[in-house]
Amino acid sequence: MSVSFATWNINSVRLRLPMVLDFLEKYQPDVLMLQEIKCTNDQFPAAAFAKAGYPHQAVHGQKSYHGVATISKLPLRDVSSRMFCEVPDSRHVSAQLDFGHGPLTVHNFYIPAGGDEPDPEINPKFRHKLGFLSELGDWFADPAFVGEHLIAGDFNIAPHANDVWGHKQLLKVVSHTPIETQTLDALLVNGCGWTDLVRKHIPHDQKLYSWWSYRSADWQASDRGRRLDHIWSTRNIAEVSQGAEIIRDARGWTAKPSDHVPVIVRFAPAAT
DNA sequence: ATGACGTACCGCGTACGA
């Protein structure tokens with residue numbers, strides 16, 4: 001059996017718990033990383049996920065906003081979360097697991113959205129986003145950042161031309177501005193050296209989105225999406241990835257979907 | 001710029017998302 005890792009910005013896990021359970025039943029990812037759970041650790045539906053076959057959980061929630069949770073069929077150890085920019089919000093949780101290719105540290109990120117105005121001088125939210133990315137770069141380049149890692153989540157950046165519906169139209173829109181896309185590209189190649197696993201399997205010449213605005217009258221018809229959700233890994237892990245999939249249909253599964261859809265990467269079965 | 005929306009909260013409007 002292959003092993004798969006999924007990420008999904010669920011925009012309230014309590015509101016959309018039935019939808020997540022349906023997804024787990026149908027796709028059976030070994031690990032699911034959720035963002036914007038919008039609840040405290042106590043409010044997280046831990047028992048429902050355990051009953052669904054995901055008893056191993058690393059939850060870093062907070063009241064009302066943000067919050068990340070990783071649920072897993074595989075045992076998790078060394079659960080921890082990091083603070084960025086000295087802001088005590090819940091945007092990261094990590095854990096180590098074994099999936100047949102040696103120890104892997106799995107990081108779940110919810111990178112700040114950045115507000116409306118793409119100018120760090122006048123917009124503190126955009127400043128926070130750039131600061132967060134800067135600290136991430138420092139962390140990944142640190143000699144102490146060793147071993148194999150997989151990072152996934154809502155990065156809130158659509159890095160390349162075919163990651164958005166209109167490259168020129170979005171150059172001044174937060175999520176696709178040059179300062180953001182160049183910073184993310186630098187993060188990808190610097191430090192330990194990452195592979196964008198989704199683009200390894202679905203090449204850059206194809207339009208690919210994981211998010212469609214709620215404000216569009218007909219998301220499917222206008223199809224003005226962005227690829228904001230990502231799964232990257234270090235090289236040795238990337239070598240055993242076998243495929244990637246974005247579950248576009250999930251945007252229309254229910255009358256009240258998340259504005260993001262699940263992203264999945266599959267890996268080779270454990271070596272025997 | 002698409003944006004005619006959606007979520008949480010002790011709420012009856014406001015903050016936040018992207």
Side-chain angles (χ1 to χ4, degrees), chain A residues 7-20 34-45 59-69 84-85 87-92 108-120 122-133 153-161 163-181 183-184 207-230 246 248 250-263:
Chain A
T7 180
W8 194 3
N9 179 321
I10 197 60
N11 187 17
S12 175
V13 71
R14 288 177 293 171
L15 194 66
R16 277 181 260 282
L17 176 61
M19 198 179 177
V20 181
L34 295 164
Q35 302 84 37
E36 284 205 90
I37 61 174
K38 293 190 172 178
C39 66
T40 60
N41 289 8
D42 286 348
Q43 295 169 322
F44 186 74
V59 185
H60 187 205
Q62 68 179 76
K63 188 180 174 183
S64 300
Y65 302 117
H66 320 315
V68 291
F84 293 85
C85 305
V87 179
D89 54 6
S90 303
R91 297 182 177 277
H92 169 259
N108 180 350
F109 282 106
Y110 177 50
I111 294 178
D116 285 326
E117 186 59 52
D119 182 348
I122 62 172
N123 176 6
K125 292 180 187 175
F126 197 69
R127 193 159 64 239
H128 181 208
K129 186 178 198 174
L130 296 181
F132 194 106
L133 293 167
D154 180 0
F155 292 8
N156 270 313
I157 298 172
H160 299 112
D163 296 332
V164 292
W165 63 270
H167 174 61
K168 285 182 184 171
Q169 292 92 328
L170 291 171
L171 279 171
K172 292 182 177 174
V173 175
V174 171
S175 73
H176 194 63
T177 64
I179 181 70
E180 293 169 89
T181 58
T183 302
L184 196 67
K207 287 278 186 192
L208 193 60
Y209 317 134
S210 64
W211 172 90
W212 292 261
S213 173
Y214 281 127
R215 296 192 194 185
S216 175
D218 185 338
W219 73 274
Q220 211 159 10
S222 57
D223 199 20
R224 290 181 165 170
R226 307 176 200 169
R227 188 172 72 103
L228 303 177
D229 303 276
H230 302 273
I246 296 188
R248 177 187 169 98
R251 186 63 177 77
W253 273 348
T254 68
K256 284 189 167 290
S258 170
D259 45 356
H260 297 252
V261 299
V263 177

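Chain A is the first sequence line, chain B the second, and so forth, proteins listed ahead of strands; every chain is numbered from 1.
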Query raised in the report: Listed by chain and number, what are the side-chain contact (heavy atoms from CB on, under 4.5 Å) partners of A:Phe132, not counting sequence neighbours?
Result: A:Phe84, A:Cys85, A:Arg91, A:Phe109, A:Ile111, A:Pro112, A:His128, A:Leu136
Query raised in the report: Please give, in whole Å, the distance from B:dA18 P to A:His230 NE2?
Result: 12 Å
**Report entry** Integer angstrom distance from the P of B:dA15 to that of B:dG11
**Finding:** 14 Å
Report summary line: To the nearest 0.5 Å, atom CG of A:Leu133 lies from atom OG1 of A:Thr183 at 6.0 Å
Query raised in the report: Can you tell me how far C1' of B:dG17 sits from CH2 of A:Trp211, to the nearest Å?
Result: 9 Å
Requested in this report: Would you tell me if any nitrogen or oxygen in the side chain of A:His260 comes within less than 4.0 Å of OP1 or OP2 on B:dG17?
Outcome: no
Query raised in the report: When the distance from CD1 of A:Ile111 to C1' of B:dC16 is rounded to whole Å, what number comes out?
Result: 18 Å
Requested in this report: For A:Pro45, enumerate each residue passing the side-chain contact (heavy atoms from CB on, under 4.5 Å) test, keeping only those at least two apart in sequence or located in another chain.
Outcome: A:Val13, A:Leu17, A:Ala48, A:Phe49
Query raised in the report: With a 4.5 Å limit on heavy-atom distance, are the side chains of A:Leu170 and A:Arg226 in contact?
Result: yes
Requested in this report: Assign A:Asn9 to base, sugar-phosphate, or nothing according to its heavy-atom contacts below 4.0 angstrom with the strands shown.
Outcome: sugar-phosphate
Requested in this report: For A:Asn11 and A:Glu36, run side-chain hydrogen bond (donor to acceptor under 3.5 Å, both in side chains): C-alpha distance rounded to whole Å, both residues' side-chain angles, the deciding distance at 0.1 Å, then the answer.
Outcome: CA-CA 5 Å; A:Asn11 187 17; A:Glu36 284 205 90; 5.8 Å; no
Query raised in the report: Which part of the nucleic acid does A:His176 contact within heavy-atom distance under 4.0 Å: base, sugar-phosphate only, or nothing?
Result: nothing
Requested in this report: Whole angstrom is fine here: how far is it from CG in A:Asp259 over to C1' in B:dT2?
Outcome: 13 Å
Query - Distance (rounded to the nearest 0.5 Å) between A:Arg227 CZ and A:His160 NE2 - result: 8.0 Å
Query raised in the report: For every nucleotide of nucleotides 5-14 of chain B, 5' to 3': is a protein heavy atom under 4.0 Å from its base (B), only from its sugar-phosphate (S), or from neither (-)?
Result: BSSSSS----
Report summary line: The complete set of salt bridge (charged side-chain N to carboxylate O under 4.0 Å, His left out) pairs with one or both residues in residues 172-181 of chain A, sequence neighbours excluded, reads A:Lys129-A:Glu180
Requested in this report: Hey, could you give me the CH2/CZ distance between A:Trp212 and A:Arg224, rounded to the nearest 0.5 Å?
Outcome: 14.5 Å
Query raised in the report: Could you state the interatomic distance from CG (A:Leu15) to NZ (A:Lys38), rounded to the nearest 0.5 Å?
Result: 9.5 Å
Query raised in the report: Between B:dC10 and B:dG6, how far is it from one P atom to the other, in whole Å?
Result: 22 Å
Query raised in the report: Once you round it to whole Å, what is the distance between P of B:dA15 and CD of A:Glu36?
Result: 18 Å
Query raised in the report: Under a 4.0 Å heavy-atom cut-off, which of residues 218-226 of chain A touch DNA chain B?
Result: A:Arg224, A:Arg226
Requested in this report: Sticking with atom P, work out how far B:dT2 lies from B:dG17, rounded to a whole angstrom.
Outcome: 22 Å
Report task. Would you mind reading off the distance between A:Tyr209 atom OH and B:dA18 atom P, rounded to a whole angstrom? Result -> 18 Å
Query raised in the report: How does DNA chain B look in dot-bracket notation if pairs are Watson-Crick or G-U with both distances under 3.5 Å, crossing ones as [ ], other-strand ones as |?
Result: ....(((((...))))).
Query raised in the report: Does A:Asp223 pair with A:Arg248 as a salt bridge, N-O distance under 4.0 Å?
Result: yes
Query raised in the report: Using atom C1' of each nucleotide, how far apart are B:dA8 and B:dA4 to the nearest Å?
Result: 23 Å
Report task. For A:Tyr110, answer base if it contacts any base atom (sugar-phosphate contacts may also be present), sugar-phosphate if it contacts only those atoms, and nothing otherwise; contact means non-hydrogen atoms under 4.0 Å. Result -> sugar-phosphate
Requested in this report: Figure out the CD/C1' separation between A:Gln35 and B:dA18, and round it to whole Å.
Outcome: 14 Å
Report summary line: One should read off an interatomic distance between A:Leu130 CG and A:Thr177 OG1, to the nearest 0.5 angstrom, of 7.5 Å
Query raised in the report: Are A:His176 and A:His167 close enough that their ring centres sit under 6.0 Å apart?
Result: yes
Query - Pairwise P distance, B:dA18 and B:dT14 [rounded to whole Å] - result: 22 Å
Query raised in the report: Start at the 5' end of DNA chain B and walk down; is the nucleotide closest to A:Ala217 or to A:Ser175 reached first?
Result: A:Ala217
Report summary line: In whole angstroms, the gap separating C1' of B:dG17 from CZ of A:Phe126 amounts to 15 Å
Query raised in the report: How long is the span from the NE2 atom in A:His66 to the CD atom in A:Gln35, to the nearest 0.5 Å?
Result: 13.0 Å
